[in-house]
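Presented below is the structure to which this report refers.
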Amino acid sequence: MNMIEKTDSQDPVLNIEHLTTKIKISSGEVSVIEDINLKLNKGEIMVVVGESGSGKSMTINSIMQLIPKKLLKGYEGSIKLDQSDLLTMNDRDKWKLRGNKISLVTQNAMTSLDPSYRVGKQIVEIILASQHVSKADAKGKTIDLLKKMGIEDPERIYQSYPHQLSGGLRQRVIIAMALSCNPEIIIADEPTSALDPTVQLQVLDLLKDVNRNFGTTILMITHDFGVVSYMADKVVVMYAGQIVETGLAKDVINDPQHPYTKSLLKCIPDLKWIYSNSNNNTSLFNIPGEVPDLTKKITGCRFAARCFKAVAQCSQIQPELKKVNALSSENNMEHLSRCIFAKED
Amino acid sequence: MTKADVPLVKVDHLIKSFGGKRSLFSKSKSIHAVKDVSLSINRGETFGLIGESGSGKTTIGRMIMKLMDPTDGQILYDGKSISHFSKKEMKDYRSKVQIIFQDSGSAFNPRRPIGKQIAYPLIKNKKYSQDAAMKEVYHCLEMVGLRKDFANRYPHQLSGGQRQRAGIARALVLHPEFLVLDEPVSALDVSVKAQIVSLLENLQKEFNFTYLFIAHNLDLVAYFCDRVAVMYKGEIVEVNTAQQIFRHPQNKVTKKLLGSILTLDGSLNEIKSEAYEINSIN
């Protein structure tokens, strides 16, 4: 993997502290994410991983402030972007931040592009709205951006409608759009889940290039540990609205501490048998059950009911995130796990 | 054992093209979705079909299901051409061959409870009584790991994994022999993927099903399939056992596809060189 030297001495670009997001439901309220702490330094790629219902998307929606007011009960904690708190900011200032400092790449490109306008025009519109440039300059910039996204004939793509483009091209256009105002952070919500493996690899490579060439910080969501291993500097594993394990990607993958992380890793088929002389006699690991319903109160560890290691104690005590013995000590990133069995530092 | 020698499904020089209609003044451009594809699937095996999107995988699956008619060529099921089936034979074929879609959510009617939808072919096709049909439905739901009371739920009340299980239950209800799995796990979480693949595996062991597994999750194909065909632009470029395809890919399309597998230990090629080192030491 290509790891780039990253300085960690500076202040984090995005600093989320004790974030809890509460949503209204018919019987009161429910915390969809609870006590989330994340620190993203400049130029890093952080990947959030977990099943559906684990709170990954809610974390991103909280950062982007995209939860509809009708649903939202309230936030606790803080989301600091370059020292200014997004949660206490007024709408006008938030507008200025979105796109310019922080922008979003969604899973389904079709929903973020307007089907009735040419894609080039949609990017130009964004540039004109946020920067003081002439129309011609904006067009030049758009074509330049498209070229940087690895699109061979940017002029033709500029003139195309979204439905005329393939899934991979559409995702490139979306990334170009996200980059159009030179944001510091790109947030990508499963940017490749809907794509073919070959196209997925191209898009991931593009995001890596963006990270390297523009120094853009990336916060990405996925449920595929293959993607984590390919992309991430740091990884955050979420389960039922809580962070259950976090650390440097290589630490978490090579030495997972939380049973949930271990289980997720085991769900990926092991391909080593192909290159040995034996037959495939491995069987696929299953995590029994499903992500718990957060509207019902859970005492103790939220993963206990599905855990292969659970003991009686697990369903009584709510475990805290504890520091565990990290494999690599080169970085100041701690390796944390929310399990009573985690080996302590 | 003559029956075992005949492949269950044999696809012979299959061609499917779309468009090409002649109007008064012009002829529209025709697109060849499937160009001269031949393959045979043996009883009890899992046959994988991989390739990029648009390579014609799903079109082949649909033609085998007779949801589409081929432009040319034929499909033999148990030695008989499906395009020349009589009405009665066709009815029989419809219950022997079932399909599981990528998104079972859109394959269910949102306005009816899933139990009724699963029971429908039994009542309509096999003339079961309502009670006998529901009994069979409960049995099928149990087989796929869903509780009885799921029969009364509507599709939107189920999670993605549960919907996929319900989709499998619906395919099982007519006791099929051959199942076309059209990207059955692509839309699911990693953990749910593993659950569904294990379920399909167990069902195969129990009922000796034959599967055509259309997928682009190559790691699951490597795990699940006995033989694999690689498609590119409507043609099959390589067919071999799964182990051979993944170990010694011959075609450059296959090589490119394999290169895109993301594993925990870096790319597949890295594992490969590592594994060869271990083998050469031993």
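FYI, side chains are in, hydrogens and waters are out, and symmetry mates aren't considered; it's all heavy atoms of this structure. Please read all numbers here as calculations on a predicted model, not as lab measurements. In what follows, chains carry the letters A, B, and so on, assigned in the order in which the sequence lines appear, proteins first and then strands, with residues in each chain numbered from 1.
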Could you state the interatomic distance from [atom1] ([X]) to [atom2] ([Y]), rounded to the nearest 0.5 Å?
{"X": "M231(A)", "Y": "L262(B)", "atom1": "CE", "atom2": "CG", "answer": "10.0 Å"}
{"X": "I268(A)", "Y": "I261(B)", "atom1": "CD1", "atom2": "CD1", "answer": "12.0 Å"}
{"X": "D196(A)", "Y": "S55(B)", "atom1": "CG", "atom2": "OG", "answer": "8.0 Å"}

### Task
Please check if atom NZ in K24(A) has more than 12 non-hydrogen atoms from other residues, nucleotides or ligands closer than 6.0 Å.
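Correct, the count exceeds 12.
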
### Query
Got a sec: does the NZ of K233(B) have more than 12 other heavy atoms crowding it under 6.0 Å?
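No.
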
### Region of L204(A) that comes under 4.5 Å of a non-hydrogen atom in chain B
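L204(A) touches chain B through side-chain heavy atoms alone.
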
### Task
Could you list which of residues 153-165 of chain B have a heavy atom closer than 4.5 Å to any heavy atom of chain A, in residue-number order?
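Residues of residues 153-165 of chain B touching chain A at under 4.5 Å: S159(B), Q162(B).
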
### Task
Under 4.5 Å, heavy atom to heavy atom: which of residues 193-202 of chain B reach chain A? Give them by number, or say none.
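Residues of residues 193-202 of chain B touching chain A at under 4.5 Å: A194(B), Q195(B), V197(B), S198(B).
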
Contacts table for residues 49-58 of chain A: side-chain donor-acceptor under 3.5 angstrom, sequence neighbours left out:
residue, atom, partner, partner atom, Å
E51(A), OE1, Y260(A), OH, 2.9
E51(A), OE1, R306(A), NH1, 3.1
E51(A), OE2, R306(A), NH2, 3.4
E51(A), OE2, S191(B), OG, 2.5
S52(A), OG, D189(B), OD1, 3.4
S52(A), OG, D189(B), OD2, 2.8
S54(A), OG, E51(A), O, 2.7
K56(A), NZ, G50(A), O, 2.8
K56(A), NZ, E51(A), O, 3.2

### Heavy-atom pair of closest approach, residues L284(A) and Y223(B)
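Smallest interatomic distance, heavy atoms only, reads N-OH, 2.9 Å.
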
Taking the side chain as everything from C-beta on, heavy atoms only, tell me whether [X] gets closer than 4.5 Å to [Y].
{"X": "F225(A)", "Y": "V190(B)", "result": "no"}
{"X": "L188(B)", "Y": "H223(A)", "result": "no"}
{"X": "L220(B)", "Y": "P269(A)", "result": "yes"}

### Query
Looking at residues at least two apart in the chain, or sitting in another chain, which of them share a ring pair (Phe, Tyr, Trp, His ring centres under 6.0 Å) with F209(B)?
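F209(B) satisfies ring pair (Phe, Tyr, Trp, His ring centres under 6.0 Å) with F207(B) only.
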
